[in-house]
Amino acid sequence: MAKMWAGRTDGATEKIADDFNSSIRFDCRMYRQDITGSMAHAAMLAGQGIIAQSDADALIEGLSGILEDLESGKLAIDMECEDIHMFVEQVLTQRLGDVGKKLHTARSRNDQVALDIRMYLRDEIAEITELTRTLIAAVVTKAEEYKDAIMPGYTHLQRAQPITFGHQLMAYAMMLLRDIDRLADCRKRMNQSPIGCCALAGTTYDTDRRFEAAKLGFDGICMNSLDGVSDRDFCVELMSAISMLMMHLSRFSEEIILWSSWEFKFVELSDAFTTGSSIMPQKKNPDMAELVRGKTGRVYGDLMALLTTLKGLPLAYNKDMQEDKESVFDACDTVKMCLKVFAPMIDTMKANTANMKKAAQKGFINATDLADYLVKKGMPFRSAYKISGQLVAQCIQSGTVLEELPLEAYKAHSELFEEDLYQDIDLLTCVEKRVSEGGTSVASVEAQIAYVRSLINV
Ligand code: ARG
C-alpha cells in the first residue's frame, strides 16, 4: 500500500515488514481520543491563523463524521493501515481532498500518540476508580453484616487473637482506599498535554499549546518537548498502581480460597461464582478468586515488560515505545475484569459464623485474657501467666476449651477464680475490650466503616 510518508523512500515495504511495524491491531481502540485530539488541533491551527477558519471547519466536520461513522458501524477500521493515526488521516483526506492534508501541520505522530494514550488512560483511570469504589462498597456492606462475627485473627497463619470478620474485611477496604488514592495521584502527572511537542524539538509555527491542552481537559502542558514525546512514566505509574491493586485482590483471593476449603469452612461463595469439577462431584471450586490471583502475575509482567523496554532508550521517540500500549491496555483490561467479578462475588459471599467461632474457640486465643483476669484480682502477672498455661495444658489433655472447664477445676489452681471469669474469657468480651482506634471491637469497626463511607460516598 502507498504510504503517507512516501517521499524519501518510495514507501514500498515488504508485507511482512508492514505487519511487523503496524500497531493498528491494538491502537485502534484509541480512535475516539485520536479524533477528539485532532479536532482541538484543527481549532488551534485556525485560531492562530496557521490555517483558514473555513479549512478548520471542514476538518472538524470531517473528523466528526468519521467518528460518527465509526461508532455507528458505517465505517470499519482498515487493519492494513500502519496505525490509528494514519487511518484517521487517510479517511479524512479521502473525504476532504487537499484540506485533509492540512491537519498534520505543526504536529507529529510522536506527540499525537503521546496525547492519545494520555487521554485514553485518563478515562481508564476513571473507570478503574469507579469499579474499585463499587468493590469497596460491597466489602463495607459485608463488614457491617459481620461486624460481631467472631473469628480467629492469625499471625504466621497460627491462631493469634480473636477478631471479627467485619474487622478482617475492613482491612481490605483500607487497602482499596489507598489504591484509589494512588490512581488519583497518577492521574495528576498523566494529565499534562504533550501535543505541540511535535516530533521532538517543538515547532516553528506560532502554535498555542495551552489552548489545545485546555480544550482537551488537561491541567497543563509537558514543559520540555523531548520529554513530552519520550515520557511513558504515566504508563509505568498506572501499571504500578494497578499491580498494587491486583496484589490486594490477590491476597484477598488467597484468603477466600483458604476460607472456602473444607479445612476452614469459614465462607461459602455463591454457586454463581464457583465451578464444579468434571469428575469429582463434591467439588465447588473458587475459580474466580484463583484466576484473580493468577492474573496478578500477568499484570506484574505487563509492568516489568514496559520498564524493561524503556530502560535503555535514548531520547526522544523510538519505535520500541510502540510496545507501551499492549502492556498498559492489558493491565487495564485485566484489572477491570477482576474488579467486575470480585464485587458481586463478595456481595454474594456468605460467612459460616458458627465455624468461625468454633475455630476461634479451639486455639486458646483467650489465654492472655484469662491471665489478665487473675492480675485484675491481685495476682502478679508471671504467676497468673503460669496458671493460665497450666489450665490450657489441662484443657488440651481432656479435650476441652477454657470456656467449658468447670469452676472447680479453676479453683483447684487459685481461689481467686469466681463465676465472673467466664464473662472475661468470653470471646466477644475479648473482642469488645479491644477498643483502641482501629481495633477489633464492634464500635471500632463501626468507626472504620463510617470513615470509609464518608471518604468515598458509599
Ligand atoms: N504507532 C506509533 C506508536 O504507537 C505511533 C508513533 C509513530 N511515530 C513514528 N515516528 N514512527 O508509537
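Whatever order the structure lists them in is the order used to number ligands and atoms, beginning at 1. Worth saying up front: this structure is predicted, and the values here are computed from it rather than measured.
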Legend entry - For Ser23, the ligand 1 atoms whose distance to one of its heavy atoms is below 4.0 Å: 1 (N)
Legend entry - Contact (N/O only, under 3.5 Å) between His85 and ligand 1: no
Legend entry - Donor-acceptor contact below 3.5 Å, side chain Thr440 vs main chain Thr164: yes
Legend entry - Check: Arg25 side chain, Met79 main-chain N or O, donor-acceptor pair, under 3.5 Å: no
Legend entry - Spacing of CD1 belonging to Ile136 relative to CE belonging to Met174, to within rounding of 0.5 Å: 9.5 Å
Inset, instruction - Would you check, one step at a time, whether the test salt bridge (Lys or Arg N to Asp or Glu O under 4.0 Å) holds for Glu237 with Arg182? - result: CA-CA 9 Å; Glu237 276 193 57; Arg182 260 185 289 273; over 6 Å; no
Inset, instruction - Do me a favour and list the nearest non-hydrogen protein atom to atom 11 (N) of ligand 1 with residue, atom name and distance? - result: Arg109 NH2, 3.6 Å
Legend entry - Taking atom 8 (N) of ligand 1 as the reference point, the nearest protein heavy atom with its distance: Asn110 OD1, 2.9 Å
Inset, instruction - Identify the protein heavy atom lying closest to atom 2 (C) of ligand 1, giving its residue, its atom name and the separation to 0.1 Å. - result: Gln322 OE1, 3.2 Å
Inset, instruction - Ignoring hydrogens and angles, tell me if any N or O in the side chain of Glu432 forms a donor-acceptor pair with the backbone of Ala443 under 3.5 Å. - result: no
Inset, instruction - Would you please classify the geometry between the Phe165 ring and the Trp259 ring as parallel, tilted or perpendicular, with 30° and 60° separating the classes? - result: perpendicular
Inset, instruction - Considering heavy atoms of the protein only, find what lies nearest to atom 6 (C) of ligand 1 and give residue, atom and distance to 0.1 Å. - result: Tyr317 OH, 3.5 Å
Inset, instruction - Say whether Glu82 and ligand 1 are in contact under the criterion: heavy-atom distance to a ligand atom below 4.0 Å. - result: no
Inset, instruction - Might you work through the side chain to side chain donor-acceptor pair (under 3.5 Å) test for Thr274 and Asn285, ending with a clear yes or no? - result: CA-CA 5 Å; Thr274 52; Asn285 298 327; over 6 Å; no
Inset, instruction - List every atom of ligand 1 that sits less than 4.0 Å from any heavy atom of Asp83, numbering the atoms from 1 in the order shown and giving each element. - result: 1 (N), 2 (C), 5 (C)
Inset, instruction - For Lys325, take its heavy atoms, then give the atoms of ligand 1 lying under 4.0 Å from any of them. - result: 3 (C), 4 (O), 12 (O)
